[in-house]
Amino acid sequence: MITFTLCLLALIAGYFLYGRFIEHIFGPDDRKTPALTKTDGVDYIPLPTWKIFMIQFLNIAGLGPIFGAIMGAKFGVSSYLWIVFGSIFAGAVHDYLAGMLSLRNGGESLPEIIGRYLGVTTKQVMRGFTVLLMILVGAVFVAGPAGLLAKLTPESLDVTFWIIVVFIYYIFATLLPVDKIIGKIYPLFAIALLFMAVGILVMLYVKHPVLPEFWDGLQNTNPNAAELPIFPIMFVSIACGAISGFHATQSPLMARCMTSERHGRPVFYGAMITEGIVALIWAAAATYFFHENGMGETNAAVVVDAITKDWLGTAGGFLAILGVIAAPITSGDTAFRSARLIVADFLGMEQKSMRRRLYICIPMFLAAIGLLLYSLSDKEGFDMIWRYFAWTNQTLSVFTLWAITVYLVREKKGHYFYVTYVPAVFMTTVCTTYICIAPEGFGLGPQAALGVAILAAVVAALWFSIWYFKTTKKLW
């Protein structure tokens, strides 16, 4: 428990120390925000800061900090380190600066921000890439909560019934003004999710289970260690609990509701650190579960159900499961909402009219239904969609980090661009290695994949260095 406690304290300290440092680099001021200058009653609506934090936290949470952390715990104490260092130095920095750039540029969607700093061609690619990712998120985050709801309700209300219900909810949450559904129910869902995390945290100290420590070594404890090396598999498995490109697609939703730039650190940086804490708690709880029951269990939902019922009792377990159900649903609906806004920005189509919202949403929903039907008809379908989602998600974070790095250089922030340059190079290596080694990618051997990835990182670093020296001569 010593290592777990130190990691928990490090996450909290990271918010106050490194978070303030990153805020200083950006330099928030008192200019009017898009929520005040572009109020439209649909997407640009001023909301209280505490409510924006709750919505942002749920938007970015999804299944990642729970299911991803549980599966990542099989890799041993390395998972703790990735959650801590990833959250503080990569994920929270990525989320904060992406959100603040949207806030300072009229609530721009992520592809527009990336295009602003990486060029028109990259912007066009990112428009299609990001919308595809959002539809994948919507499809992935339907079946999971529907299955859990089916277990909690009578047999007549089966998985198919709940899939339909969840999808209908997605439609309304995507189309209606942000304060009508999202602004009202998200705080309640957030309370359930945070109750679950706090409850498990308290029980960790009550039960005081034997957990791995730093001095035990960083060896890969996964039973399939030969096929699943720590690098890059763990760094993709634990995505939302460390760094996730999906987060940057959600930040513009809240950037359109904030009334001050000075609220950015608690909303963007703070939500990511909170998610990291949730991921760390579940990684520790899962480590205890695997120690007691072996690592044969591959269904993270079974682990969640067993831990919550055993540690929190029937009532507490029920509330905890509601939190687990709420997390993916609230990421799925805002994924569709984000996709609508990305397409609207690209087409220059105003969104005050319900008719214009439907023009965008109907094709998007049809595509998501197609993916969902495929995942349900083929037993391997869901796993395949999830793996592609995981890779596209982390690849998006790479483009976002490079775009922010270019911004920091152009704004004459000195050598502070390293705060995103280092994570950008690292995540470039992770994503390249993963797509080279994964069966759905090129299927190369570990050594060959790593060689290709290092080459890709070196090329990216050299390309940036050449651009940097050319640009700084002009700037200075």
Atom pair OG1/CD1 of Thr428 and Ile454 - distance to nearest 0.5 Å: 13.0 Å

Closest approach of Tyr15 to Pro266 (non-hydrogen atoms, all atoms of both residues): OH-CA, 3.4 Å

ring-ring contact (aromatic ring centres under 6.0 Å, His included) against Tyr416, all qualifying residues, sequence neighbours excluded: Phe21

Taking every non-hydrogen atom, the tightest pair across Tyr117 and Val406: O-CG1, 3.4 Å

Backbone of Thr249 reached by a side-chain donor or acceptor of Ser338 within 3.5 Å: yes

Heavy-atom closest pair, residues Phe214 and Cys7: CZ-SG, 4.0 Å

Parallel, tilted or perpendicular, as decided by the 30° and 60° cut-offs, for the rings of Tyr421 and Tyr418: perpendicular

Check: Thr221 side chain, Gly76 main-chain N or O, donor-acceptor pair, under 3.5 Å: yes

Side-chain donor/acceptor of Ser237 to backbone N/O of Ala69, under 3.5 Å: no

Whether Asn393 side chain and Gly245 backbone form a donor-acceptor pair below 3.5 Å: yes

Heavy atoms of other groups near Phe426 CZ, more than 12 under 6.0 Å: yes

Asn105 CG to Arg116 CZ distance, which is reported to the nearest 0.5 Å: 4.0 Å

Pro111 backbone acceptor or donor facing Ser109 side chain under 3.5 Å: no

Crowding at OH, Tyr186 (>12 non-hydrogen neighbours, <6.0 Å): yes

Side-chain heavy-atom pair Tyr80, Pro212 within 4.5 angstrom cut-off: yes

Where at least one partner belongs to residues 456-467, residue pairs that pass side-chain hydrogen bond (donor to acceptor under 3.5 Å, both in side chains), sequence neighbours excluded: Trp467-Thr471

Validation row: Ser102, Ile113 side chains within 4.5 angstrom (heavy atoms): yes

Trace of the side-chain contact (heavy atoms from CB on, under 4.5 Å) decision for Ile307 with Trp282: CA-CA 10 Å; Ile307 291 174; Trp282 274 107; 4.0 Å; yes

For His208, side-chain contact (heavy atoms from CB on, under 4.5 Å) partners two or more places apart: Met1

Any Leu218 side-chain heavy atom under 4.5 Å of Leu81 side chain: yes

Any Glu275 side-chain heavy atom under 4.5 Å of His247 side chain: yes

pair Pro232-Ile437: side-chain heavy atoms closer than 4.5 Å: yes

Whether Tyr96 and Phe268 hold their rings parallel, tilted or perpendicular, with breakpoints at 30° and 60°: perpendicular

Salt bridge (Lys or Arg N to Asp or Glu O under 4.0 Å) partners of residues 87-99, not counting sequence neighbours, each pair once: none

Close side-chain approach of Ile55 and Leu253, heavy atoms under 4.5 Å: no

Donor-acceptor contact below 3.5 Å, side chain Gln394 vs main chain Ile243: yes

Approximate separation, where rounding is to 0.5 Å, of Leu312 CG and Ile200 CD1: 4.5 Å

Pairs satisfying side-chain hydrogen bond (donor to acceptor under 3.5 Å, both in side chains), at least one member in residues 124-145, at least two apart: Glu112-Arg127, Gln124-Arg127

Minimum heavy-atom distance Tyr170-Val142, with the two atoms named: CE1-CG2, 3.3 Å

Phe231: partners by ring-ring contact (aromatic ring centres under 6.0 Å, His included), with sequence neighbours left out: Phe235

Beyond-backbone contact of Gln250 with Met134, side-chain heavy atoms, under 4.5 angstrom: yes

From CA spacing to verdict: side-chain contact (heavy atoms from CB on, under 4.5 Å), Val131, Ile135: CA-CA 6 Å; Val131 171; Ile135 294 174; 4.1 Å; yes

From CG (Leu97) to CD1 (Ile22), nearest 0.5 Å: 6.0 Å

Gap separating the OG1 atom of Thr334 from the CG atom of Leu341, nearest 0.5 angstrom: 10.5 Å

Gap between atom CG of Leu401 and atom CG of Leu396 - 0.5 Å precision: 9.5 Å

Nearest heavy atoms of Ala339 and Met364, plus distance in Å: CB-SD, 3.2 Å

Mutual orientation of the aromatic rings belonging to Phe89 and Tyr18 [parallel < 30°, tilted 30-60°, perpendicular > 60°]: perpendicular

Pairwise salt bridge (Lys or Arg N to Asp or Glu O under 4.0 Å) hits with a residue in residues 326-342, at least two apart: Asp43-Arg337, Asp43-Arg340

By ring-ring contact (aromatic ring centres under 6.0 Å, His included) - contacts of Phe289 (at least two apart): none

Residue pair Ala248 / His94: nearest heavy atoms and the distance that separates them: CB-CE1, 3.5 Å

Stacked cation flag Arg20 on Tyr269, 6.0 angstrom / 45 deg: no

Glu213: side-chain hydrogen bond (donor to acceptor under 3.5 Å, both in side chains) partners, not counting sequence neighbours: Thr3

Residues in ring-ring contact (aromatic ring centres under 6.0 Å, His included) contact with Phe290, at least two apart in sequence or another chain: none

Derivation of the side-chain contact (heavy atoms from CB on, under 4.5 Å) call for Val278 and Phe57: CA-CA 11 Å; Val278 172; Phe57 172 57; 4.1 Å; yes

With sequence neighbours excluded, residues passing side-chain hydrogen bond (donor to acceptor under 3.5 Å, both in side chains) with Thr420: Thr405

Lys/Arg-Asp/Glu bridge criterion (N-O < 4.0 Å) met for Asp345, Arg256: yes

Phe417/Phe464 aromatic ring centres below 6.0 Å: yes

Worked check of side-chain contact (heavy atoms from CB on, under 4.5 Å) between Met203 and Val206: CA-CA 5 Å; Met203 291 308 298; Val206 170; 4.2 Å; yes

Side chain to side chain, Ser87 and Leu11, heavy atoms closer than 4.5 Å: yes

Non-neighbouring partners of Tyr205 that pass side-chain hydrogen bond (donor to acceptor under 3.5 Å, both in side chains), sequence neighbours left out: Thr5

Geometric class of the Phe167/Phe365 ring pair [parallel <30°, tilted 30-60°, perpendicular >60°]: perpendicular

